[in-house]
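Just below is one structure, and these are the notes that go with it.
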There are 2 protein chains.
Amino acid sequence: MPKRVDHRERRALIADALMRVAAEQGLEAVSLRHVAAAAQVSAGMVQHYFRTRDEMMVFALAVVSERNETRIRRAVEALGATPPPRALLRAMLTELLPLDEERRADGRVALAFLAYTAVRPAVAAALHADTAALRAFVADQIARSPLATAGRVDPEPAAVGLLAVLEGLGIHVLGGHYSPETALVALDAQLDLIFGREPPAETVSRAGSGRPRPAPR
Amino acid sequence: MPKRVDHRERRALIADALMRVAAEQGLEAVSLRHVAAAAQVSAGMVQHYFRTRDEMMVFALAVVSERNETRIRRAVEALGATPPPRALLRAMLTELLPLDEERRADGRVALAFLAYTAVRPAVAAALHADTAALRAFVADQIARSPLATAGRVDPEPAAVGLLAVLEGLGIHVLGGHYSPETALVALDAQLDLIFGREPPAETVSRAGSGRPRPAPR
DNA sequence: ATTTTTGCAATACAGTTGCAAGGTAAAGGG
DNA sequence: CCCTTTACCTTGCAACTGTATTGCAAAAAT
C-alpha cells in the first residue's frame, strides 16, 4: 500500500476544526471551505475524508457525544471504586454543564446539533440512543437512593426530571441567563429532591433550606 | 399618501412564513426567497418590509416570544380571578411544552433561535429580558407556596430549577426522547418539590413521596 | 521497473445566497 | 393637472455553497 495515513486521526482533526467553527459562528457557518481553513488544510483534503457535508456533520456529532462520554468516564473514575450514587451523579452531571469556556464551546456545538437534528430526524438516532443510555444509567443510580428503595421516588421519572434540569440549566447558562453558580445550586436542589438532604449536619435539615443564596443573574 | 398598507400585518404575514420554513427545515433554510415562496409573495416584497435578513430574523424572534406571552396570558385568564399559585404555574408552563403539533412547530423554531442567539449575543438581549421576566413572575408565585413562607424553599433557585426542567423537557420531547405524558409527570413532580404534595390526604406527606408511578415513556 | 493504489490539491460548475438598483403602477396632496 | 410618496416587482451581481472531475506525486506491490 502507498503512503499510509491514519484515517481516524485526520477525520478527528477535521471534526475538531468543524466544532471550532460551529462553536464560534454556528452550524450555518460550517462549510467545507470554512472547516478546511480552520483546520489549516486544503478544501480538497476535507473532501477526501468526507465525501459529503452531511457525512462530516454526522461524524462530528458522533465526536461530540463521544467527547461527553469520555468526560463523564474520567470524572467517574476520579471518584474511586464504589462512590455513593449521589456523588457519582453529581460528578457526572456537573461535567456536562458549561461551566468553563471549553465546555461552553462544546455546549454551543451540542445545542446547534440539537436544533440541527430536530429538523433532520434521520440524523437524530445517534443522539437518541445516547441520551437513552444516559437516562438508564441515571435511573439505575437513583434506584439506589434510600428514597427510592423506600418506594418514595420512582427512578425512571426522577431520572427524566434530573436530566431535564441538566439540559435546561445548560441552555440557560449558555444563553447567559444564569450564572454557573446558580446552575449548580439548582442541580444540587434537584439531587436533594431525589436523595434527600445530603449533609445531615444541619438543624433545620430539609431540602431547600439554609443553602446559600447566590445572586440570581 | 399613496396606497396605504398595514405594515405590521404584512410583516406578521412574512414572519409567519419564516416560522413555517424554520419549523420544517431549520433556520439555515430561512432565506429571502424561501420565505417569500412560503408566504406566496415576491422576494422583492419581503425585501421591502425587511431591509436585511437579520432584521427579519430579529422580528421573527420577537414574534415567537410574543406568541408565547399571549399563550400564557390566555391560559392564565382562563383560570379565573385569583388562582392558587401552583395551579397558575402549572397552567402557564404546560402551555409552553410542545404537546401538540402547533406547539411542536413553535418549539422547533424556538430551539433554532436558541442556537442562533447562542452565537449572536447581540440578538440574544430580547430572549434574555423575556426569560428574566418569566423567572421573576415564577419566583413570585413560588414565594406564595407554604414551603416558601416556611422558609424551606428559596423562591429564586426554585424558579430557576422549575424553568430549567421546563426547557429541558421541551427539548427532550421535541427530540422524541420523551413522550408528552412523561414530560407532564416530570413537571408535576417538580411542582411537588416546590409546593409539597398537592392532595394533603396522605400520612407520610413529604415532597417527592408517594406520587403516582406512571409508566416511563 | 512498472503498475497500482493512495493522499491530496486544484479547478470547474451549477445552484443559492443577500443585497442593491432600477423599474412600474397606484394613490393621494398640491 | 402634476408631482411626490408608497408599494411592489424584476433584474443583476458578487460571493458563496456542495460536489464532481481531473491531475499529480509518492509509495507500496508486482
Side-chain angles (χ1 to χ4, degrees), chain A residues 1-61 112-113 115-117 119-120 122-123, chain B residues 1-61 112-113 115-117 119-120 122-123:
Chain A
M1 296 174 199
K3 200 196 331 183
R4 300 293 285 152
V5 169
D6 188 344
H7 235 97
R8 271 181 301 176
E9 186 192 358
R10 285 267 193 274
R11 286 165 79 99
L13 177 91
I14 294 173
D16 219 61
L18 186 157
M19 284 160 63
R20 244 174 292 137
V21 173
E24 285 165 22
Q25 320 184 57
L27 274 192
E28 309 182 15
V30 169
S31 70
L32 294 189
R33 301 184 231 277
H34 273 165
V35 170
Q40 288 180 318
V41 300
S42 81
M45 175 167 156
V46 174
Q47 208 172 179
H48 181 69
Y49 286 99
F50 298 100
R51 279 180 301 198
T52 87
R53 189 189 108 113
D54 275 340
E55 195 180 312
M56 184 170 67
M57 293 294 223
V58 169
F59 183 82
L61 180 55
F113 269 115
Y116 182 78
T117 57
V119 172
R120 287 160 191 81
V123 192
Chain B
M1 293 179 194
K3 203 199 321 188
R4 300 294 285 153
V5 167
D6 187 344
H7 236 100
R8 270 180 302 174
E9 186 191 359
R10 284 267 193 274
R11 286 165 80 101
L13 176 91
I14 294 172
D16 219 61
L18 186 157
M19 284 161 62
R20 243 174 293 139
V21 173
E24 284 164 24
Q25 321 184 69
L27 273 192
E28 308 182 16
V30 169
S31 69
L32 293 189
R33 302 185 231 273
H34 274 164
V35 171
Q40 289 180 315
V41 300
S42 79
M45 176 167 155
V46 174
Q47 207 172 180
H48 181 69
Y49 287 99
F50 298 102
R51 278 179 301 200
T52 88
R53 189 188 108 113
D54 275 340
E55 195 180 312
M56 185 169 67
M57 292 294 223
V58 169
F59 183 83
L61 180 56
F113 269 116
Y116 182 78
T117 57
V119 173
R120 287 161 191 80
V123 192

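Quick caveat, the model's predicted, so the values are computed rather than measured. All values below come from the heavy atoms of this structure, side chains included, with hydrogens, waters and symmetry mates left out. Throughout, protein chains are lettered first and strands after them, A, B, ... in sequence-line order, and every chain is numbered starting at 1.
Between the CE atom of B:M45 and the P atom of C:dG18 there is a distance of 17 Å, given to the nearest Å. Straight-line distance from the CD atom of B:Q40 to the P atom of D:dC9: 13 Å, rounded to whole Å. Note: CG (B:D6) to P (D:dA7) measures 11 Å, nearest angstrom.
Proximity of B:V46 to B:M56: side-chain heavy atoms (C-beta onward) are separated by under 4.5 Å at one or more points.
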Between the protein and nucleotides 17-22 of chain D, which nitrogen or oxygen pairs come in under 3.5 angstrom?
from   : atom 1 : to    : atom 2 : distance (Å)
D:dT17 : OP1    : A:S31 : OG     : 2.9
D:dG18 : OP2    : A:L32 : N      : 3.0
D:dG18 : N7     : A:R33 : NH2    : 2.7
D:dG18 : O6     : A:R33 : NH2    : 2.8
D:dT19 : OP2    : A:R53 : N      : 2.7
D:dA20 : N7     : A:Q47 : OE1    : 3.0
D:dA20 : N6     : A:Q47 : NE2    : 3.2

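Note on B:F50: nothing from the nucleic acid sits closer than 4.0 angstrom, heavy atoms only.
In this structure, the side chain of A:R53 engages the main chain of A:V30 through a donor-acceptor pair within 3.5 Å.
In this model, the phosphate group of D:dC8 is not approached by any side-chain N or O of B:H48 to a distance below 4.0 Å at OP1 or OP2.
A heavy-atom distance below 4.0 Å to DNA chain D is reached by none of the residues of residues 7-23 of chain A.
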Anything under 3.5 Å between a donor and an acceptor, one on a side chain of residues 10-25 of chain B, the other on a protein residue two or more places apart or in another chain? List them.
from  : atom 1 : to    : atom 2 : distance (Å)
B:R11 : NH1    : B:Y49 : O      : 2.9
B:D16 : OD1    : B:R67 : NH2    : 2.9
B:R20 : NH1    : B:A38 : O      : 3.2

